[in-house]
Enquirer: 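Have a look at this one.
Please read these numbers as outputs of a predicted model, since none were measured by experiment.
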Amino acid sequence: QVQLVESGGGLVQAGGSLRLSCAASGRTGSIYRMGWFRPAPGKEREFVAAIWWGGGSTGYADSVKGRFTISRDIAKNTLTLQMNSLKPEDTAVYYCAASDDSGVLAYGRSYKYWGQGTQVTVSS
């Protein structure tokens, strides 16, 4: 089992920045990939960004590309999402997720472990 705890959410004005963190514990040696998701109308979970834990390659949703940066610190078992140029439509609860095997990058079902979520609110 892998446990995930997010932090760093809050209220920010449009154009501002926030930094989300996700601390992983438990069987962290089994982590293959980690990502961030958020709910969206008509979708259970909307993919935001992901990173391959070992190699560090990344993937982003088109809606956040160029504004968000995902990174990880293997030694600290921490995942980070730096969010810049935030827009009101970025308002959501952001969930950290981890997978222990390969799967479709942007599919929530590819991820076995989930955090409790952290609220991000962007005011206009």
Enquirer: Quick one: pull up NZ in K65 and OG1 in T58 and give me the separation to the nearest 0.5 Å.
Expert: 9.5 Å
Enquirer: In Å and rounded to the nearest 0.5 Å, what is the CG to CZ distance from N77 to R72?
Expert: 11.0 Å
Enquirer: Give the minimum heavy-atom separation between G108 and W114, together with the two atoms involved.
Expert: O-CZ2, 3.3 Å
Enquirer: Is any side-chain heavy atom of S124 less than 4.5 Å from a side-chain heavy atom of P88?
Expert: yes
Enquirer: Hey, are the side chains of Y95 and C22 touching, using non-hydrogen atoms and a 4.5 Å cut-off?
Expert: no
Enquirer: Starting at CZ of R67, measure out to CG of D90 and round the result to the nearest 0.5 Å.
Expert: 4.0 Å
Enquirer: First locate atom NZ of K112, then atom OG of S30, and finally report the distance between them rounded to the nearest 0.5 Å.
Expert: 7.5 Å
Enquirer: Transitive ILVMFWY cluster of M34 at side-chain heavy atoms under 4.5 Å: who else is in it?
Expert: V2, L4, V12, L18, L20, I31, W36, V48, I51, W53, Y60, V64, F68, I70, I74, L79, L81, M83, L86, Y94, Y113, V120, V122
Enquirer: Would you compute the distance between atom OH of Y32 and atom OH of Y111 and round it to the nearest 0.5 angstrom?
Expert: 10.0 Å
Enquirer: Search all heavy atoms of S17 against all heavy atoms of Q82 and return the closest pair with its distance.
Expert: CB-NE2, 4.0 Å
Enquirer: Would you say that more than 12 heavy atoms from the other residues, nucleotides or ligands in this model lie under 6.0 Å from the CD of Q116, or not?
Expert: yes
Enquirer: Atom CZ of R38 and atom OG1 of T118: how far apart are they, to the nearest 0.5 Å?
Expert: 14.0 Å
Enquirer: Using a 4.5 Å cut-off on heavy atoms from C-beta on, say whether the side chain of Q119 contacts that of T91.
Expert: yes
Enquirer: Any side-chain heavy-atom pair from R33 and S110 closer than 4.5 angstrom?
Expert: yes
